[in-house]
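Shown next, in C-alpha cells, is the structure this report addresses.
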There are 2 protein chains.
Amino acid sequence: MPIRATDQIIHKAAWLYYNHGLRQDEVAQKLEISRASIAAYLRRAREMGIVTITTSSELFSDDVLARELEDATGLTTAWIVPEDRQAMDPAAEMPVVAASVFLELIEKGDRIGVAWGRTVYHIADVMPFADLRGVTVVQLCGNLGAPYSYRPDQCTTEIARRLNAEGINFYAPLVLSTERLAEELRGEPVIKEQLATISDCQLALYSVGGIEDDSHLVKCGALSAEDMHALGKNGAAGVIAGQLIDRDGQWVDCAHNRRCISADLDSIRAIKKRMLVVQEDNKFEPLMAALRGGFASHLIVTTSMARRVMERWNREGLGKGAPGAA
Amino acid sequence: MPIRATDQIIHKAAWLYYNHGLRQDEVAQKLEISRASIAAYLRRAREMGIVTITTSSELFSDDVLARELEDATGLTTAWIVPEDRQAMDPAAEMPVVAASVFLELIEKGDRIGVAWGRTVYHIADVMPFADLRGVTVVQLCGNLGAPYSYRPDQCTTEIARRLNAEGINFYAPLVLSTERLAEELRGEPVIKEQLATISDCQLALYSVGGIEDDSHLVKCGALSAEDMHALGKNGAAGVIAGQLIDRDGQWVDCAHNRRCISADLDSIRAIKKRMLVVQEDNKFEPLMAALRGGFASHLIVTTSMARRVMERWNREGLGKGAPGAA
DNA sequence: TCGCATTATTGACTTTTGTCAGCATCAGTG
DNA sequence: CACTGATGCTGACAAAAGTCAATAATGCGA
C-alpha cells in the first residue's frame, strides 16, 4: 500500500523529529510550516503507527514468582502484576501489561485470534498504535446479537485498527436459538471456512469467563441465571470464547455449547501462543479450569492469583504442563 | 540476565510514563522521588533500550525510483535518500536511514556481520538504542594495527553496545606483512573458527571502499598510494571488508588480498541480507563492482546515485539480479 | 461557479519537560 | 574515623511541547 500524499509530510516530520532529534520548531522551519502543525503531525504519526514507542515488559516477567509459576505449570512465560501500593492499581495495570506483552509476541505476518470480554476490551482500549501491515486479526467467536458494551467484533476491530492490521470479523451470532440452526450455520461455507482458519493462528488472546450471575453470558442474555446455575452444578467451571468448559478444561456437552458458533476448543489449543489474561480475583476456579485444559501458554495474572494457582497446582499434584497443551 | 536492582526503578518510571501515559510529576509522586530524577531516569531508559522509539523507514523505500532500481537490479529492497533542499543533507541523512533500516532488518537471535569504514562508523554513531539481547554482532574483518578514527572493532563494539547485543571482536590485524604469516594466522583455531561463523550471519552491514588516494586502505597505511594505483590499473575496482574486488565483484588475486585476514567473499555473499550503504558520489564505480559481485540485497544510496546505477545497469544490459546473489 | 461544510493551519497562551548547580550520600582509602 | 572522589537527588529556572480558538483552505454537491 503506497503512502497517501498527505501522510508524506507527517512521515517526514516524524522522521526529522524522532530520528534526527530535531526540535519541533526546527522541523517546522525545515518543512516551512507552523510548529503547532508539527505538534499535530507528530501526534498523528504516533496514532498511525508511523512512530512506535515500546517499553520492555520484562519488569513483570522478571520475577521469582513468575519463574516458579512457569516451572510448576509448564507455561512458556508468566507475567505477574504486583498489587503493592507503590504500583498501579492492578485493574488499570493488567490491560496495559497485556497489551504490551501481546505486541511483543506478534511476529511479521502472523494471524491472531481474539476472543471477547471485558478484559479483552480493556486491552484493546490501551493497545499501543503500531504499523503491523501483513498481520491479520480474526474474531474467535460469534457476535452477540444484543447490543452490549464489549461486543466481540468491537474487540477485533479496535485491535486491528490500532495495529494497522487487517481485521476479519465473524458475521454470525454467538448463540442461536436451536441446535439445528447452529449446526446448519456452522456448515455454511463462509462460516465453515473462517472457523477452519483459526487453528492457523500463531497467537490468540482471551480471558476466561466465570459462571456466576455476573458472567458475560448471563449479562448478555445468552443464558439465564438459572441455566447457568444448573450448568455449574453439572460440572461447568468456566467460559472460553463463549463456550463452557468443565474443571478439566474439557468442552461441556450442553445445550448452550451445541447452540454456539465459536472456535473449536481443539483449534484454540492448536495455537502456539495462547495468551490468557485474568483480572478478577473471583475467576480463580475458571482460571484453574483453563490451565488444566491447556488454554494458556502465556499467562498474565496478579501476584495473589499467581500464588493461589501455585498452591493449588502443587496440592493437586499436577505435574509440569497442562493436559492438552501444545 | 536478571534486571539489576537499580534498573528496576528506571524500568518502573519508564513503564508508568510511556505505557500508562502518566506525566513526569505523576510518576514522581507515585515513586516518591523528585521529578527531575524521573526526567533523568527516562533519559536512561531510552539509552538503555528499555524504551524503544522507532520510525518506519518506508518514507525512503516507498519511491518510484526505488521500485525501479529493485526491479532492474534484483535487489530485495532499495532505500533512496533524496537530495532536494527540503530534505536533510544526504551526508547527515544517509547514516540515519541506514541505522533505522538496519534495526528493522534485525530479527530475534540473529547473528550480524559488521565491516568497517567511515560510513559504517557514522551509522554506528546514530544507531538507536534497543534491547536486542540474543543478537550477536560479529566483526567481518581484521583490525587495523595503526590507530585510526574508525577502527573495525570500534564499529562492532559501538553497534553491539547500542543494541544491547553481544559484540564479538576479531583480534587479528587486517593486513599482515607477509603472505605466509597471514596464511598461518588464518589457520589458527581461534581465527579460523571465527571466520567460519561468518556465513552463519543472517545480516551484514558494510559500505564499499574506493581505490582512490583517499581510500581507507591508503589512509590507514595498509597500502601505499602507488600500490593502489597499480592495483587499479590491474583491474581492482573497489574494496569490500578490506579486500580488493575487480569490476565484476570478484576477489582480486594480489599481494594485498593474500595478506588480508577478513571474511571470505563467498561467506559474505552467503549471507541472506547484505546491506550496502554508499554515501559518496565518487564511489560509483566501486558500487557497480559491488552490485555486479552480488554484495547487496538491501541498498541505501542517494537519488542521483540510484539514477546513475539504473542508467549504467540498463546500458550494460545486465539482467535482473546480480551474479553471485543468493 | 457558488455556497456550505468540513478539514487543516496558525499564533498566542499554558503546561510539561529538560537542565544544571548545589547539596546529600556512600564506598573506598590512608 | 575523617577525607575524598564519585555518584545520585533535588529545586529552581529555562526551554520545549501541548492546546485551543480563530482563521484559512479545501472539497463537494447543487
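Below, read A as the first sequence line, B as the second, and so on, with proteins coming before strands; counting in each chain starts at 1. In this text the structure is predicted, and so the values were computed from the model without any measurement.
- Among the heavy atoms of the strands, none lies under 4.0 Å from A:I38.
- Between A:T302 and A:Q279 the shortest heavy-atom distance is CG2-O, 4.4 Å.
- No donor-acceptor pair closer than 3.5 Å links the side chain of B:E166 to the backbone N or O of B:T136.
- In this structure, CZ of B:R44 is placed 18 Å from C1' of C:dT17, rounded to the nearest angstrom.
- Under the 30°/60° scheme for interplanar angles, the aromatic rings of B:W79 and B:H298 are found to lie parallel.
- If you take CD of A:E32 and P of C:dT10, they are 11 Å apart, rounded to a whole angstrom.
- The CD atom of A:Q24 sits 14 Å away from the P atom of C:dT10 (whole-angstrom rounding).
- With distances taken from any side-chain atom of A:S34 to the nucleotides D:dT10, C:dT10, D:dA16, the minimum falls on C:dT10.
- The shortest distance between the side-chain N/O atoms of B:Y41 and the OP1/OP2 oxygens of D:dG8 is not below 4.0 Å.
- As judged by a 4.0 angstrom heavy-atom cut-off over every strand, A:I33 is placed among residues touching the sugar-phosphate backbone only.
- Here C:dG18 presents its C1' atom at 14 Å from CG of A:D25, a figure rounded to the nearest Å.
- A:Q139 contributes a side-chain N or O that, together with a main-chain N or O of A:F170, makes up a donor-acceptor pair within less than 3.5 Å.
- Mapping A:A36 and A:R23 onto DNA chain D by nearest heavy atom places A:R23 closer to the 5' end of the strand.
- Listed candidates were C:dT10, D:dC9, D:dG18. Nearest to the side chain of A:R46 is D:dG18.
- Counting to the nearest Å, the P atom of C:dG18 and the CG atom of B:L42 are 7 Å from each other.
- A straight line from OH of B:Y18 to C1' of C:dT17 spans 11 Å, rounded to a whole angstrom.
- Applying the 3.5 Å distance criterion, the base of C:dG18 shares a donor-acceptor pair with the side chain of B:R35.
- In this entry the distance linking CG of B:L22 with P of C:dT17 reads 10 Å, nearest Å.
- What you find for A:A115 and A:V120 is that their closest heavy atoms are O-CG1, 3.5 Å.
- Here D:dA16 presents its C1' atom at 15 Å from CD of A:Q29, a figure rounded to the nearest Å.
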